[in-house]
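The structure appears right after this line, and notes come after that.
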Protein chains: 2
Amino acid sequence: MREAATAEVRPYHHGDLRRALVDAARRILENEGPSALSLRAVAREAGVSPAAPYHHFKDKGELLEAVAFVGWDALGEAMTAAKDRTPDLGARMTEIGVAYVQFSQEHPALYRVMYDCSRDKDELPEGLQDKEDSAYCQVRETFRAFAGPEVADVDIELATIAAWCAAHGLAEMNSFRQFDPLKQGLGGEEGFLRAVLSHLGMFPASRAKANGPG
Amino acid sequence: MREAATAEVRPYHHGDLRRALVDAARRILENEGPSALSLRAVAREAGVSPAAPYHHFKDKGELLEAVAFVGWDALGEAMTAAKDRTPDLGARMTEIGVAYVQFSQEHPALYRVMYDCSRDKDELPEGLQDKEDSAYCQVRETFRAFAGPEVADVDIELATIAAWCAAHGLAEMNSFRQFDPLKQGLGGEEGFLRAVLSHLGMFPASRAKANGPG
DNA sequence: AGATCATCTTGACGCCGTTCAGATCGATGG
DNA sequence: CCATCGATCTGAACGGCGTCAAGATGATCT
């Protein structure tokens, strides 16, 4: 039997150590933050020797990539849920943007790993772009649905990139406590997010009417 | 003689080791990237023992903060130069934004240290906000000058934060090679930057006329 | 059963950040 | 001019890190 160990059965030496390591890494990230995420700590948490991970990942970076992949998946799901929350095409981008930043706030360590992995790479992160319902594709298709088929692909792509920049930038800035008084005056975290996003062209409803997303 | 050792003279123990260490760190960053920036490597580069830095910095983080401070200073200067390049108040924000992203592109390792240092801190990075001509204040004053005195402070602050988010997000995304074909069709790097920024409310000229920066 | 092969452990290497006792040497004051 | 002082730097050490090579383990195949 090749496939087993999806549940509690532990058919072999460890079972599905690969998955166990990724889970252990996520647990450490949630509980102790990114600075505590050493390969040895992950192995310790999974109950194996420090060298065991090397039978499933080429090096530490590859393990982190697997963790990041899970993160992009979870982010994509959060964005899907946010998008489906409203049928108004013009409001969807804002909902997605808010969901994005909130995700980064609820899983700050995971979010950091997701971007640390993708830096110094030639491509967009694996899992951001591949599947139909990936995070990136969702934003692009939302823009496409709102803009209509007559808008050029390049403009849709630019709008998608711009929205991504805005959301990521806001996600990083949002952790500064310096902004707390400002947030208080704007109805808390979400009010602040929506206020900033409204400055950032995340309201295609008010921009596209004038000159289109291009 | 207190001040010496700017050139080849090494008058005593070391001279101004603090500055020498910061310079060594910057050299390593430029030549080998952030992953090579260990305290021991910095000490090696400066020609001292691994323990020497501890007489000038509490730990590695404090040395990195000093490096980051230099970075924010240089960024502020680049933004000032960009701002003074045009007298048109409406166009200044775009010039500043382009200069910001270009700085992050010319000094990617330094830029990374600047933000890595400021993460998990309660305040904005030291050197970003303090002085009159700091990077952050320049953006805020540019918005203020453009919007006029009747716009509320909170709106100016929000616009500043939004612009900062946009610039930082774009700075991080800009390194993805995936966007190279897109850039080619938009007149190179700078054309791409301006195109994305035009989606991100960095053109107060076209936005503020409608509803003000608020 | 015996061979095979992926999996896991043990032990080691060099590098890291950090600490501490002691050496070094300008400055101070008698 | 000499003794002392205090700041600065060195040398050696500690534990933790990523990684690797060699050997033990045990599931699977014939």
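Keep in mind that the numbers below use all heavy atoms, side chains included, and drop hydrogens, waters and symmetry copies. Convention: sequence-line order gives letters A, B, ...; per-chain numbering from 1.
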Interatomic distance, A:F57 CZ vs C:dA6 P [rounded to whole Å]: 18 Å

A:E62 CD to D:dT19 C1', straight-line distance once rounded to whole Å: 14 Å

Using atom types as modelled, flag every donor-acceptor pair under 3.5 Å from a side chain in residues 66-76 of chain A to any protein atom, sequence neighbours excluded.
residue, atom, partner, partner atom, Å
A:D73, OD1, A:K131, NZ, 2.4

Base-contact (B) and sugar-phosphate-only (S) positions in nucleotides 11-17 of chain D, heavy-atom cut-off under 4.0 Å, - elsewhere: B-B---B

Integer-rounded Å distance: D:dC9 C1' and B:L21 CG: 12 Å

Nucleotide D:dG18, atom C1' - distance to CG of A:L64 in whole Å: 12 Å

With sequence neighbours excluded, residues passing ring-ring contact (aromatic ring centres under 6.0 Å, His included) with A:Y100: A:Y111, A:W164

Residues 173-186 of chain A, side-chain donor-acceptor partners within the protein, below 3.5 Å, at least two apart:
residue, atom, partner, partner atom, Å
A:N174, OD1, A:K183, NZ, 3.1
A:N174, ND2, A:Q105, OE1, 2.5
A:S175, OG, A:E172, O, 3.1
A:Q178, NE2, B:Q129, OE1, 3.4
A:K183, NZ, A:N174, O, 3.0
A:K183, NZ, A:E189, OE1, 3.4
A:K183, NZ, A:E189, OE2, 3.3

For atom CD of B:E45 and atom P of C:dC16, their distance in whole Å: 13 Å

Spacing of B:L63 atom CG relative to C:dC16 atom P, expressed in whole Å: 14 Å

For residues 55-63 of chain B, run the donor-acceptor check on the side chains, cut-off 3.5 Å, and write out each pair with its distance to 0.1 Å, sequence neighbours left out.
residue, atom, partner, partner atom, Å
B:D59, OD1, B:G61, N, 3.3
B:D59, OD1, B:E62, N, 3.1
B:K60, NZ, B:L37, O, 3.2
B:E62, OE2, B:K58, N, 3.1

B:E190 side chain vs B:V98 backbone, donor-acceptor pair below 3.5 Å: no

Would you give me the side-chain donor-acceptor pairs under 3.5 Å for residues 23-35 of chain A, sequence neighbours excluded?
residue, atom, partner, partner atom, Å
A:R27, NH1, A:E45, OE2, 2.4
A:E30, OE2, A:H107, ND1, 3.2
A:N31, ND2, A:R27, O, 3.2

For atom CZ of B:R18 and atom P of D:dC9, their distance in whole Å: 13 Å

5′-ward residue of the pair A:L37/B:L17 relative to DNA chain D: B:L17

side-chain N/O A:H55 vs C:dT9 OP1/OP2, d < 4.0 Å: no

Atom pair distance, as rounded to whole Å: CG in A:D59 and P in D:dG18: 11 Å

